[in-house]
J.: 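First the structure, then my questions, so here it is.
Quantities reported herein were computed from a predicted structural model and do not represent experimental measurements.
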Amino acid sequence: MTATGTAFEVAVHTEASLGEGPTWDPATGRLLWLDILNSRVHTHDPATGRRTVRRTDQHVGAVKPRAGGGLVLNLRDGIGLLDPDDTFRWLHREPVPGRRGNDAAVAPDGSLWAGTMRYDEARDGGTLTRYTADGTAETVLDDVTVSNGTGWSPDGTLMYYADTPTRRIDVFDVAADGRVAGRRPLASIEDGAGFPDGLCVDADGCVWVALWDGGAVRRYTPSGDLDRVITLPVPRVTACAFGGPDLTDLYLTTARVGLSAPHPLAGSLLVVPGAGRGVAQPAFAG
């Protein structure tokens, strides 16, 4: 195992309350990310340094590119679509009082796997749901507390998932039709090391996971062995994703919510240049 404590740079110095969901959009050469509790979608162009910020009408848990242009959003009341001309419409609207959308990911088949959670984080109050391009919804898990990181192995045969309070990264087998089965633990986060939040999978099939209240991002091999730790000065690291034109830079979102004396970089977008080699992520087919 290797450990690194000073390898990161500041991509965007800001004070997001709950920075989350970094996603590289190859069509625009920009990184998408968001501030859930301030209802804002951010973009960052590393080539020019240009940033944009867009406010949404609801708390937004995830944003992903769409195959035909535009964005898909995991909002408080369901799944919304932004068309290339900025027109908004609902793909699937299903409001549940006290619940909001959280992390989401796009599967190799172009479906969106979107999580929810209760605002009060009540046990088993959230879900993980698969949405196809026409808005058809299929509940995959209905007993989730804080649905977070989701990602697939490079060959698409395994899916990784974190329900944060369990302190586990779980792995599923993926069938030919894209459905999952055979849930089992890949790795557990020890007491005092934080909680698994967002995750991504690299070209070697290793799983990178951000540690909430752990001040670090870890990499686990496909066999579940811990082989790399990048430590950070901010305690609430929320998610990670590879970006840049060659997908070698690891972007990290952070949060300052709930911290009485947050570090000056809490809420900023960080990057670890040359951290590894990512895998191009599919766009949502809808």
J.: Are the charged groups of Lys64 and Asp25 less than 4.0 angstrom apart, N to O?
T.: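 A salt bridge is absent here (no side-chain N lies under 4.0 Å from a carboxylate O).
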
J.: Kindly work out whether a path of hydrophobic side-chain contacts (I/L/V/M/F/W/Y, heavy atoms less than 4.5 Å apart) joins Leu112 to Leu128.
T.: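 No, Leu112 does not connect to Leu128 through the hydrophobic network.
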
J.: Could you tell me the separation between the CH2 atom of Trp208 and the CG atom of Leu199, rounded to the nearest 0.5 Å?
T.: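 It comes to 12.5 Å.
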
J.: Salt bridge or not between Arg219 and Asp202? Use side-chain N to carboxylate O under 4.0 Å.
T.: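 Yes.
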
J.: Do Asp35 side-chain atoms and Ala16 backbone N/O form a donor-acceptor pair below 3.5 Å?
T.: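 It does not hold such a pair.
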
J.: Just checking, is any N or O donor in the side chain of Asp227 or Thr221 under 3.5 Å from an acceptor N or O on the other one?
T.: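 Result is no, nothing qualifies.
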
J.: Begin from the C-alpha positions of Val217 and Leu252 and carry the test side chain to side chain contact (heavy atoms under 4.5 Å, CB included) through to its verdict.
T.: CA-CA 8 Å; Val217 59; Leu252 308 169; 4.3 Å; yes

J.: Under 4.5 Å between any side-chain heavy atoms of Leu81 and Leu71, yes or no?
T.: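 Not in contact.
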
J.: Taking the side chain as every heavy atom from C-beta outward, state whether Arg100 and Ile36 have any atom pair closer than 4.5 Å.
T.: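 In short, these two side chains touch, coming nearer than 4.5 Å.
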
J.: Tell me whether the rings of His42 and Trp33 are parallel (<30°), tilted (30 to 60°) or perpendicular (>60°).
T.: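 Because their plane-to-plane angle is under 30°, the rings of His42 and Trp33 count as parallel.
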
J.: How close do Pro165 and Thr145 get, heavy atom to heavy atom, and via which atoms?
T.: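 Taking Pro165 first and Thr145 second, the nearest heavy atoms are CG-CG2, 3.7 Å.
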
J.: So which atom in Pro262 and which in Arg256 form the shortest heavy-atom distance, rounded to 0.1 Å?
T.: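 Between these two residues, the closest heavy atoms are CG-NH2, 3.2 Å.
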
J.: If you compare all heavy atoms of Ala203 against all heavy atoms of Gly278, which two are closest, and at what distance to 0.1 Å?
T.: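 Reported closest heavy-atom pair: CB-O, 3.9 Å.
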
J.: How long is the straight-line distance from CG of Leu226 back to CD of Glu190, given to the nearest 0.5 Å?
T.: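 Glu190 atom CD to Leu226 atom CG measures 8.0 Å (nearest 0.5 Å).
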
J.: Roughly how far apart are Thr127 OG1 and Glu94 CD, rounded to 0.5 Å?
T.: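 One finds 8.0 Å between OG1 of Thr127 and CD of Glu94.
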
J.: Salt bridge or not for Arg51 and Asp45, using N-O below 4.0 Å?
T.: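 The answer is no: the pair does not qualify as a salt bridge.
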
J.: Tell me whether Asp86 is salt-bridged to Arg54, with the criterion being a basic N under 4.0 Å from an acidic carboxylate O.
T.: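 Between Arg54 and Asp86 there is a salt bridge, with a charged N closer than 4.0 Å to a carboxylate O.
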
J.: If only atom types and distance count, is the side chain of Arg30 paired as donor or acceptor with the main-chain N or O of Pro46 below 3.5 Å?
T.: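 Side chain of Arg30 to backbone of Pro46, a donor-acceptor pair under 3.5 Å: no, none is there.
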
J.: Does Leu259 reach the side chain of Arg236, with side-chain heavy atoms less than 4.5 Å apart?
T.: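 Heavy-atom side-chain distance check passes, below 4.5 Å.
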
J.: One pair to check against side chain to side chain contact (heavy atoms under 4.5 Å, CB included): Val140 and Val180. What are the steps and the verdict?
T.: CA-CA 8 Å; Val140 179; Val180 296; 3.8 Å; yes

J.: Mark yes or no for whether Thr164, through its side chain, and Pro196, through its backbone, hold a donor-acceptor pair below 3.5 Å.
T.: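 Checking the backbone N and O of Pro196 against the side chain of Thr164, a donor-acceptor pair under 3.5 Å is found.
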
J.: Can you see whether Tyr161 engages Ser147 through a side-chain donor-acceptor pair at a distance of less than 3.5 angstrom?
T.: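 Yes.
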
J.: I need the Thr254 OG1 to Leu269 CG distance, nearest 0.5 Å.
T.: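 Reported value, rounded in 0.5 Å steps: 8.0 Å.
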
J.: Using modelled atom types only, decide if a donor and an acceptor are shared between the side chain of Gln281 and the backbone of Val279 within a distance under 3.5 Å.
T.: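 Checking the backbone N and O of Val279 against the side chain of Gln281, a donor-acceptor pair under 3.5 Å is found.
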
J.: For the pair Gln58 (side chain) and Asp77 (backbone), establish whether a donor and an acceptor sit closer than 3.5 Å, ignoring hydrogens and angles.
T.: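 Flag set: sc Gln58 to bb Asp77 pair under 3.5 Å.
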
J.: Counting distance only, does the side-chain N/O of Ser268 pair as donor-acceptor with the main-chain N or O of Leu270 below 3.5 Å?
T.: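 Checked: no pair found.
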
J.: Are any non-hydrogen side-chain atoms of Phe88 and Thr56 less than 4.5 angstrom apart?
T.: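 Not in contact.
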
J.: Please check: side-chain N/O of Ser153 versus main-chain N/O of Leu158, any donor-acceptor pairing under 3.5 Å?
T.: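 Confirmed, Ser153 side chain pairs with Leu158 backbone.
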
J.: Give the intermediate values and the outcome of side chain to side chain donor-acceptor pair (under 3.5 Å) for residues Ser17 and Asn38.
T.: CA-CA 7 Å; Ser17 178; Asn38 284 319; 4.7 Å; no

J.: Could you go step by step and tell me if Asp249 and Val272 meet the side chain to side chain contact (heavy atoms under 4.5 Å, CB included) rule?
T.: CA-CA 6 Å; Asp249 301 329; Val272 183; over 6 Å; no

J.: How about Trp152 and Val174: do any of their side-chain heavy atoms sit closer than 4.5 Å?
T.: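 Yes - at least one pair of side-chain heavy atoms lies under 4.5 Å apart.
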
J.: Grab the two heavy atoms, one from Arg118 and one from Pro97, that are nearest each other, plus how far apart they are.
T.: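 Looks like NH1-O, 2.7 Å.
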
J.: Mind listing the side-chain donor-acceptor pairs of residues 238-245 below 3.5 Å, one per line with the distance, residues two or more places apart or on another chain?
T.:
| unit_1 | atom_1 | unit_2 | atom_2 | d |
| --- | --- | --- | --- | --- |
| Thr238 | OG1 | Gly19 | O | 2.6 |
| Thr238 | OG1 | Thr253 | O | 3.0 |
| Thr238 | OG1 | Thr253 | OG1 | 2.7 |

J.: Does a sphere of radius 6.0 Å around CZ in Arg93 hold more than 12 heavy atoms from other residues, nucleotides or ligands, not counting ones at 6.0 Å or beyond?
T.: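 Check passes, neighbour count above 12.
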
J.: With the 4.5 Å side-chain cut-off for hydrophobic clustering, are Val41 and Val72 part of the same group?
T.: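 In one cluster with Val41: Val72, no.
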
J.: Closer than 3.5 angstrom, by distance alone: can the side chain of His92 be matched with the main-chain N or O of Gly135 as a donor-acceptor pair?
T.: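 Yes.
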
J.: At what distance, to the nearest 0.5 angstrom, does CG of Asp103 lie from OG1 of Thr116?
T.: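 Interatomic distance, Asp103 CG to Thr116 OG1, rounded to 0.5 Å: 12.0 Å.
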
J.: Flag yes if Val10 and Val237 sit in one hydrophobic cluster, no otherwise; membership is Ile, Leu, Val, Met, Phe, Trp, Tyr, and two members link when side-chain heavy atoms are under 4.5 Å apart.
T.: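 They do share one cluster, since a chain of ILVMFWY contacts under 4.5 Å joins Val10 to Val237.
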
J.: Please answer: with hydrophobic residues joined when any side-chain heavy atoms are less than 4.5 Å apart, are Val257 and Leu34 in the same cluster?
T.: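 Same cluster.
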
J.: Where do Ala283 and Ala67 come nearest, in terms of heavy atoms and distance?
T.: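 Between these two residues, the closest heavy atoms are CB-N, 3.5 Å.
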
J.: Are any non-hydrogen side-chain atoms of Arg50 and Thr43 less than 4.5 angstrom apart?
T.: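 No, side chains not in contact.
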
J.: Can you tell whether the side chains of Asp83 and Arg66 come within less than 4.0 Å, N to carboxylate O?
T.: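 Looking at Arg66 together with Asp83, the answer is yes, because their closest N to O distance falls below 4.0 Å.
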
J.: Check the pair Thr139, Asp142 against side chain to side chain donor-acceptor pair (under 3.5 Å), reporting the backbone distance first and the verdict last.
T.: CA-CA 7 Å; Thr139 300; Asp142 60 5; over 6 Å; no

J.: Suppose we screen for side chain to side chain contact (heavy atoms under 4.5 Å, CB included). Which residues come up paired with Asp191, at least two apart in sequence or across chains?
T.: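 Partners of Asp191 by the side chain to side chain contact (heavy atoms under 4.5 Å, CB included) criterion, ordered by chain and then number, come out as Arg167.
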
J.: Regarding Arg184 and Asp170, does a basic nitrogen lie under 4.0 Å from an acidic carboxylate oxygen?
T.: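 Looking at Asp170 together with Arg184, the answer is no, because their closest N to O distance does not fall below 4.0 Å.
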
J.: For Pro84 versus Gly69, what's the shortest heavy-atom pair and its separation?
T.: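 Minimum heavy-atom separation between Pro84 and Gly69: CG-C, 3.7 Å.
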
J.: Crowded around Asp225 CG? As in, over 12 foreign heavy atoms under 6.0 Å?
T.: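 For Asp225, atom CG is crowded (more than 12 foreign heavy atoms under 6.0 Å).
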
J.: Without hydrogens or angle criteria, can the side chains of Asn74 and Asn102 be said to hold a donor-acceptor pair below 3.5 Å?
T.: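 Short answer, no.
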
J.: Is the count of non-hydrogen atoms from other residues, nucleotides or ligands lying under 6.0 Å from Arg183 atom CZ greater than 12?
T.: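 Count over threshold, so yes.
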
J.: Is the shortest heavy-atom distance from the side chain of Arg277 to the side chain of Asp204 under 4.5 Å?
T.: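 A side-chain contact under 4.5 Å exists here.
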
J.: Going from CG on Asp124 to CE on Met117, what distance comes out if it is rounded to the nearest 0.5 angstrom?
T.: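 Spacing of CG (Asp124) from CE (Met117) equals 13.0 Å.
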
J.: Please answer: with hydrophobic residues joined when any side-chain heavy atoms are less than 4.5 Å apart, are Leu32 and Leu250 in the same cluster?
T.: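 Different clusters.
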
J.: Could you check whether any side-chain heavy atom of Leu186 comes within less than 4.5 Å of a side-chain heavy atom of Tyr160, counting everything from C-beta outward?
T.: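 Leu186 vs Tyr160: side chains touch.
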
J.: Test side chain to side chain contact (heavy atoms under 4.5 Å, CB included) on Trp113 and Glu138; report intermediate values, then the result.
T.: CA-CA 9 Å; Trp113 293 56; Glu138 178 186 0; over 6 Å; no

J.: So, the side chain of Asp163 versus the backbone of Val146: is there a donor-acceptor pair under 3.5 Å, distance only?
T.: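 Yes, Asp163 side chain to Val146 backbone: donor-acceptor pair under 3.5 Å.
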
